[in-house]
There are 4 protein chains.
Amino acid sequence: MRIGILTGGGDCPGLNAVIRAVVRKSVTQHGDEVVGFRDGWRGVLEADTVPMDLAAVRGILPRGGTVLGTSRTNPYALEGGADRVIANLERLGIDALIPIGGEDTLGVATKLAEAGLTVVGVPKTIDNDLDATDYTFGFDTALGVATEAIDRLHTTGDSHHRTLVVEVMGRHAGWIALHAGMAGGATVVLIPEQPFDVDAVVAHCQHRFDSGYSPIVVVSEGAVAKDGGMVLAAGEKDAFGHVRLGGIGTALASLIEQRTGREARAVVLGHIQRGGTPSPFDRVLATRFGLAAVDAVHDGESGVMVALRGTDIVRVPLTAATARLKLVPVERYAEVEVFFG
Amino acid sequence: MRIGILTGGGDCPGLNAVIRAVVRKSVTQHGDEVVGFRDGWRGVLEADTVPMDLAAVRGILPRGGTVLGTSRTNPYALEGGADRVIANLERLGIDALIPIGGEDTLGVATKLAEAGLTVVGVPKTIDNDLDATDYTFGFDTALGVATEAIDRLHTTGDSHHRTLVVEVMGRHAGWIALHAGMAGGATVVLIPEQPFDVDAVVAHCQHRFDSGYSPIVVVSEGAVAKDGGMVLAAGEKDAFGHVRLGGIGTALASLIEQRTGREARAVVLGHIQRGGTPSPFDRVLATRFGLAAVDAVHDGESGVMVALRGTDIVRVPLTAATARLKLVPVERYAEVEVFFG
Amino acid sequence: MRIGILTGGGDCPGLNAVIRAVVRKSVTQHGDEVVGFRDGWRGVLEADTVPMDLAAVRGILPRGGTVLGTSRTNPYALEGGADRVIANLERLGIDALIPIGGEDTLGVATKLAEAGLTVVGVPKTIDNDLDATDYTFGFDTALGVATEAIDRLHTTGDSHHRTLVVEVMGRHAGWIALHAGMAGGATVVLIPEQPFDVDAVVAHCQHRFDSGYSPIVVVSEGAVAKDGGMVLAAGEKDAFGHVRLGGIGTALASLIEQRTGREARAVVLGHIQRGGTPSPFDRVLATRFGLAAVDAVHDGESGVMVALRGTDIVRVPLTAATARLKLVPVERYAEVEVFFG
Amino acid sequence: MRIGILTGGGDCPGLNAVIRAVVRKSVTQHGDEVVGFRDGWRGVLEADTVPMDLAAVRGILPRGGTVLGTSRTNPYALEGGADRVIANLERLGIDALIPIGGEDTLGVATKLAEAGLTVVGVPKTIDNDLDATDYTFGFDTALGVATEAIDRLHTTGDSHHRTLVVEVMGRHAGWIALHAGMAGGATVVLIPEQPFDVDAVVAHCQHRFDSGYSPIVVVSEGAVAKDGGMVLAAGEKDAFGHVRLGGIGTALASLIEQRTGREARAVVLGHIQRGGTPSPFDRVLATRFGLAAVDAVHDGESGVMVALRGTDIVRVPLTAATARLKLVPVERYAEVEVFFG
């Protein structure tokens, strides 16, 4: 077979592990040929390919990012884009396509499968907000970066008797904040799913100060206050007449400082959460996803993606990738609330 | 309620996270009192206790080991031991006991539950060889140490054109070797469940040298050769007349050196795999286990232990802890075999 | 003897290692008594003390921050402050004082020594900008955090073909940027000592893109453009009419994005650079500083501080601490310029 | 110019950083051509070369090992070896040679310089036992691995009330043990320069147990007991009639267990100390060594090597590399003794 492979959307630790596993398995066990498309769907649109043989994947397992490059190009958003994609895949003799990506990338994949192409997807979302799988690779690595940062901030907070607010990824789902906050021993964890009460946040911080330690507040970038007042766009003036200079983390720090009367500082982790070498958990998960995708292709499957259920890799419909977000349920948030204050 | 807690058997990163979660939840949400027993069942036998209030668990989340200490003392192996345990628990007014440990510790727990005591166990096995739960805490941390070691050894091996054999934990089950070998890009992975063929191992190493790189062999301490020849006790003479100076790792390195004609070295990771700060994954899992154990106690359960199924914490009979080992199945080993050579 | 100890100014990994070394050496080798003052000079002003015996320093070596707390309180800035400090030290029977801190803390120490008190200082500046010593503890740890971040960002930048700007500490001196930029393989390094030319920065980024990789720009928080245009206060409008939303890192990213026509993102490392466990280098340096300070006290020295010269710990006048900043010399900057573009 | 480069002896984190710096500086600033020899002097003997252009060194900075490979081949130990080396260098048009290595590699370099060739050496010894330079790259990385291991072992030791013996590199000089022991808070540190008294070691361990904690003994592989009894070859019978199964670490653990009556375990760190990504300190030092070597070559120097003095890179005679070992002086050992027990 001639198998096409591409990575789309935001980068994520583990992408190279998937690519390597796909190539190793298909080449050594099936004698397949693997064609890499550069920069996601852009590479298919422009027939920009790179041969992926065993040499091409040597040494990439521990490396972050994706050797294939990535982009947010969506062929269905371009006039004639879908036709060009289908024509190019045919012209290049691609028997099956393994796209690795999130909602957008797999949305395109779904349509191509519906159009009759053989497509087996590999899900990727560093936020872990995909309902169809227990975990996605990249999440554990991001969690590691965030937890290490929180570990570091505890001692600096305590030494200065100041609040530290750590803003982590999570626009719609608070999984990174939830797990990093639990793993790092946060005083408060704020997530998009649970609009927060400013008074309660301040009370938890105050309680922590009263017990002789300093608060760490972990907040998802998408968290909002109950009254909505905290979600000013950067550049607007906040309730205190200050120009808003950043995201929710910075806004919260400024507010907590005013309300507790003690210094507060924000740390916005940003891109370091998604770069760098994947954790062992992510390397294993990504590798198993890649192997299972090749199995699915050779089993004649299409329109499916691989997913983790317990310790098993299973196949679910590609449509599941875009069905709905996996949000943090109330009972999981209740777990971390035990440690507030 | 008055809840007793203890940790038994080998130490494991995450034990303190369990203890902290039990104390935080039971004290702050239920107004319970928690009594710690020192050094596992020894502490119960000798009524050696320490009060576990909120102050006692502050700051212990990221710390390895167990603040309660541990031992391998088994009251049922001592004359009158069980009676003394039961008498002490009654005398101390313990309403429920939460023992954290492996097969031995939970074996005692099972008997005590059968004797009518309220007991909710928390499973612990760094080898991840417990059938009743998807994962146990400590395993991911051990995996992290082993994978980092393998990452480090790749470059030193390649620079010297020599084989490096890494011996990891796993007396009966090869989970650490399997996952670390997959995460670290090992040339060969040898586990107790799959007696290995020496010729095949040497061939994989040779193939790796032929492709311009150097082999990394990851081997569980309990792995054995098909002909049984590799399991000499240390101190005995091996087939080559040399006194056996270590475990399987050292023996393999010596054998591979002779058969490939190139230097080979063994690294035995040993105790660094079980010490140190738990990974975020383990901190979260251990914390959730602790919370769930308190829930179970307050739900009036006994004779159960908490376990991970997918992303849920469930309750299973305590007898499941000692029922049978979770071994690496053939299909999981087949996954890593894709990367051999 | 009765020795007082305090930590002032910003916290810094290694402070606890100094404290532990002072206590261990003075207590076990000289039979001294050590009195800790809480939160720097504030503790002396308010006679807020804590006895520092062997138990008080157990386990603190690997911990970031300072168990004594810190503040920026300056007794000489308060009416009658100096008198109160001197009176309290006398009343508490302090024979010698070991203050650990930067320019401000040691400035107070200098005046107290001039006033006749026995004072031996330990220098602390995470920015490494103290002329009297080769290195100060904390710098190597900050360098480790910054370098790890750069390592992580390389792959995410390359995958997305975008520029990443990393803002690191260094208001007046660019040591962290210089060393982290060199250690992380930065495309450009910008430091306060060398006002930068925007066109040259853009050209280096462009050159990096042309060679198929993505640029990493490492910038000290205190770096400025040659024309001064980059140092707008946050909240002001920049040359492009945008409200300035952060420091130099954010401003540079926005400018590079506009000039290269490719996405650019900023990461501001902030407080994670100064928190957390000290690196081995810093633990050793801080420990040796603490030991040497006790030696100096027992040698009857005063008005001096300890310093590193090559591999030796030496004594220099306390006035050296405030004499002048150690800036990055042109020839050191020229070293890293070799790797630009 | 046409510059030859090679790496000899044991591998060491930072070798690639030197190679990259040599290539970047000589190619971009001088328009030189750089020729790599594979596997140390073997590559020169066999004229086994690889062109080292900018592309060849891209991405190698953070990688351990050496992309050139290494060996212990000594041309002066082979009949006609030296002549072949000189003839090959001439035939290949090598104007100057930059060998990177330890005593043996630079010993050859010294002889070639004396024979009239232009040779500028870069010193390498992971043990840091070279008298002519304050530090060598690789040492700080090894120290990091050893210290992290000790950090991990503290909690496992305390949980089990057992002694842990950590054997680190250092055949003739105890620098790694000294620094790692100081950084890790060891109970005892044993180095080759100070033959140890078994009774004192046991007393320190006992004292540590008495204070409620467990001892960590850090021992250089080359450490010896005062009576010489501890240096049995592996395989021989020790004083207790047991076959000696390993190095000094294993022997000590067995002895301490017998003498204290409490379990003791040994961990032999071995090769993980010299593999993997170099620490920032080592990357900077190695890079500066590479740059300075190119400067020396272009300044017309020969028979010299680069070295670190304080914060400066200086040039010293190549003969200094082989002059004498830098041993741990008594006063440095006295520093760590403050923390014994």
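Note on naming: letters A, B, ... go to the chains in the order of the sequence lines (proteins, then strands), and numbering restarts at 1 for each one.
Using a distance-only test at 3.5 Å, with no hydrogens or angles considered, no donor-acceptor pair links the side chain of D:Ser159 to the main chain of B:Thr70.
Of the atoms belonging to D:Leu68, not a single heavy atom falls under 4.5 Å from chain B. With a 4.5 angstrom heavy-atom cutoff, D:Val267 touches chain B only via side-chain atoms. Residue D:Ser71 does not touch chain B at all, counting heavy-atom pairs closer than 4.5 Å. In this structure, the portion of D:His161 lying under 4.5 Å from any heavy atom of chain B is its side chain and not its backbone. Of the two parts of D:Ser214, neither the backbone nor the side chain holds a non-hydrogen atom closer than 4.5 Å to a non-hydrogen atom of chain B. If you measure heavy-atom distances from D:Val145 to chain B, the contacts under 4.5 Å come from the side chain alone.
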Tell me, with the steps shown, if D:Thr141 and B:Arg152 meet side chain to side chain contact (heavy atoms under 4.5 Å, CB included). CA-CA 11 Å; D:Thr141 303; B:Arg152 289 196 172 277; 4.0 Å; yes
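At a heavy-atom cut-off of under 4.5 Å, chain B is reached by D:Asp39 from residues 36-49 of chain D, listed in order of number. Using a 4.5 Å cut-off between non-hydrogen atoms, the part of residues 7-15 of chain B that approaches chain D consists of B:Gly9, B:Gly10, B:Asp11.
Put simply, CZ on B:Arg63 and OG1 on D:Thr155 are 8.5 Å apart, with the number rounded to the nearest 0.5 Å. Taken to the nearest 0.5 Å, the CG atom of B:Leu269 stands 9.5 Å off from the CG atom of D:Leu269. Atom OG1 of D:Thr156 sits about 11.0 Å away from atom CD of B:Gln273, to the nearest 0.5 Å.
Between chain D and the options B:Ala149, B:Gly270, B:Gly69, B:Gly276, heavy-atom pairs under 4.5 Å are most frequent for B:Gly276. Ranked by heavy-atom pairs shorter than 4.5 Å toward chain D, the options B:Arg72, B:His160, B:Arg274 are led by B:His160.
Between B:Val268 and D:Val268 the shortest side-chain heavy-atom distance does not fall below 4.5 Å.
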